[in-house]
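To start, the structure itself, in structure tokens.
Everything numeric here is computed off the predicted structure, so don't read it as measured data. Computed over heavy atoms, backbone and side chain alike; hydrogens, waters and symmetry mates excluded.
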Amino acid sequence: MKLTYEDFLKRKELNVKESGFEISESELNKNLFDFQKFIVKKALKKGRFGIFADCGLGKTAMQLEWAYQVTKYTSGKVLILVPLAVRAQTIEEAKKFNIDISNIDISNYEQIDNIDCLIYSGVVLDESSILKNFEGKTKQAIIENFSHTPYKLACTATPSPNDPMELGNHSEFLNVMNRDEMLAMYFIHDGMNTSKWRLKKHSQNHFWKFVSKWAIFISHPKDIGFDTSGYDLPNLKIIENKINVKTDDLFDEETVNALDFNKKLRETINERLELTAKIVNENKTENFIIWIKQNEEGQLLKKLIPEAREVQGSDNIEYKEKTLLGFANNEFRVLITKAKIAQYGLNFQNCRNQIFPSLDFSFESLYQSIRRSYRINQKQEVNIYLITLNSMKN
């Protein structure tokens, strides 16, 4: 009998095998919500799994409980890799949920070269969107170092459904299917642009069925049929402040290259940051996060807002962690930093005001930055101030 392409895809779907173990929800941490228990139980049964849950749905608690159950079942150790400054918050979350982490090591991604990855029976990637960079050194090290680890969990709020490279890297990390095989099976090059991929029309349903075998996507408990109370966020207020500057029609073009864009930011640095400082200084009882793009912006802002503290990429890890956690604990009022430093994993519900004096072109960066404040347990309206130029298109 001739094998059709449909039959071929179905066979490949069936090859996503469960490699975990069964556990009753009554055995899971009683402090978890019902939807979290459902997800952890499913992840343990699969053995290698992706939790793609939106910000504030308790990924930290779920991954800690998953790791604890794996240590119990295997009598081994589990490693949790986290972004910078998230380690301390993860440890605090374990205390809050009364989860034993005596056999769980929590470390920053920056330390992966100093870790003996072979001693672990399980590994968790917190903010696993680090796998997005399909040619990155850290991504390659993660996939290679944990290729034979029996239990794996990948957790992120923002896996892009339009980024097959990222999904392919998750699939490869979880030992489901390598990235190139996944691309060849379900995708096709988008026209003449060989760096872009799109789903084959006849593969769409099969592809998402395939992904659902090894991952769960959830933006709200109601997505998987659970109680919604307590998960409705307060109002999010976007406040745009335009600066009138002379324009050479730079932003009237359909495409703007990064060089020209950064040139325009440098030319308007004083106007943008003076307005930023005015907003902060007029609201003296409020906490603020200011997301900058260039080091010069941080230097000027510290002169305009003397009480502000900045976290730079060149700062040592100890200072970064101490300062970011200090802001979360209300030790000071104004934090200046870049999205690439603090956009992942940190909880800043203590701050309901953010300012973006220099927007870039990354939706994920903007989204993740906003969600540091706009997340579960945020009780107040969140204000997002966007400083834009009159020549920028809406």
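Counting only distance, with no hydrogens or angles, the side chain of Asn108 and the backbone of Gln111 share no donor-acceptor pair below 3.5 Å. Judged by distance alone, with hydrogens and angles left aside, the side-chain atoms of Ser373 form a donor-acceptor pair with the main-chain N or O of Cys351 at under 3.5 Å. Checked by atom type and distance alone, the side chain of Glu65 never pairs as donor or acceptor with a backbone atom of Val40 at under 3.5 Å. When atom types are taken as modelled, the side chain of Arg87 and the backbone of Ser107 share no donor-acceptor pair closer than 3.5 angstrom. For Asn350 (side chain) and Phe327 (main-chain N/O), a donor-acceptor pair under 3.5 Å exists by modelled atom type. With Asp223 contributing its side chain and His220 its backbone, the two residues share a donor-acceptor pair below 3.5 Å. Side-chain N or O atoms of Ser171 include none that pairs as donor or acceptor with a backbone N or O of Leu167 at under 3.5 Å. Without hydrogens or angle criteria, Arg371 side chain to Cys55 main chain gives a donor-acceptor distance under 3.5 Å. Checking side-chain atoms of Lys59 against main-chain N and O of Ile51 turns up no donor-acceptor pair under 3.5 Å. Side-chain atoms of Arg333 never come within 3.5 Å of backbone atoms of Phe288 as a donor-acceptor pair (strictly under, hydrogens ignored).
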### Task
List the steps, then state whether side-chain hydrogen bond (donor to acceptor under 3.5 Å, both in side chains) holds for Gln312 with Glu310.
CA-CA 6 Å; Gln312 299 181 341; Glu310 182 183 8; 3.2 Å; yes
### Task
Give the C-alpha distance, both sets of side-chain angles, the deciding distance and a yes or no for side-chain hydrogen bond (donor to acceptor under 3.5 Å, both in side chains) between Asn31 and Asn98.
CA-CA 9 Å; Asn31 294 312; Asn98 195 28; over 6 Å; no
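Phe97 CZ: more than 12 foreign heavy atoms inside a 6.0 Å radius.
Closest approach of Lys200 to Phe187, counting heavy atoms only: CE-O, 3.1 Å. Minimum interatomic distance between Phe49 and Ala215 (heavy atoms only, all atoms of both residues): CE1-N, 3.4 Å.
Here the side chains of Tyr68 and Thr71 are in contact, with some heavy-atom distance below 4.5 Å.
Classified by interplanar angle (parallel below 30°, tilted 30° to 60°, perpendicular above 60°), the ring pair Phe226/Phe38 is tilted. In this pair, Phe210 and Phe207 present their aromatic rings tilted. The plane angle is within the 30 to 60° band.
With sequence neighbours excluded, the residues satisfying salt bridge (Lys or Arg N to Asp or Glu O under 4.0 Å) with Lys45 are Glu22. Remark: Lys278 engages Glu282 in a salt bridge (Lys or Arg N to Asp or Glu O under 4.0 Å) (not counting sequence neighbours).
Hydrophobic clustering of Ile, Leu, Val, Met, Phe, Trp and Tyr side chains at less than 4.5 Å, counting indirect connections, unites Ile91 with Trp66.
A side chain to side chain contact (heavy atoms under 4.5 Å, CB included) with Phe356 holds for exactly one of Thr276, Ile292, Ile387, Ile384; it is Ile384.
For residues 99-116, the salt bridge (Lys or Arg N to Asp or Glu O under 4.0 Å) pairs, not counting sequence neighbours, are Lys77-Asp105.
Between Glu297 and Arg272, at least one side-chain N (NZ, or NE/NH1/NH2) sits under 4.0 Å from a carboxylate O, which counts as a salt bridge.
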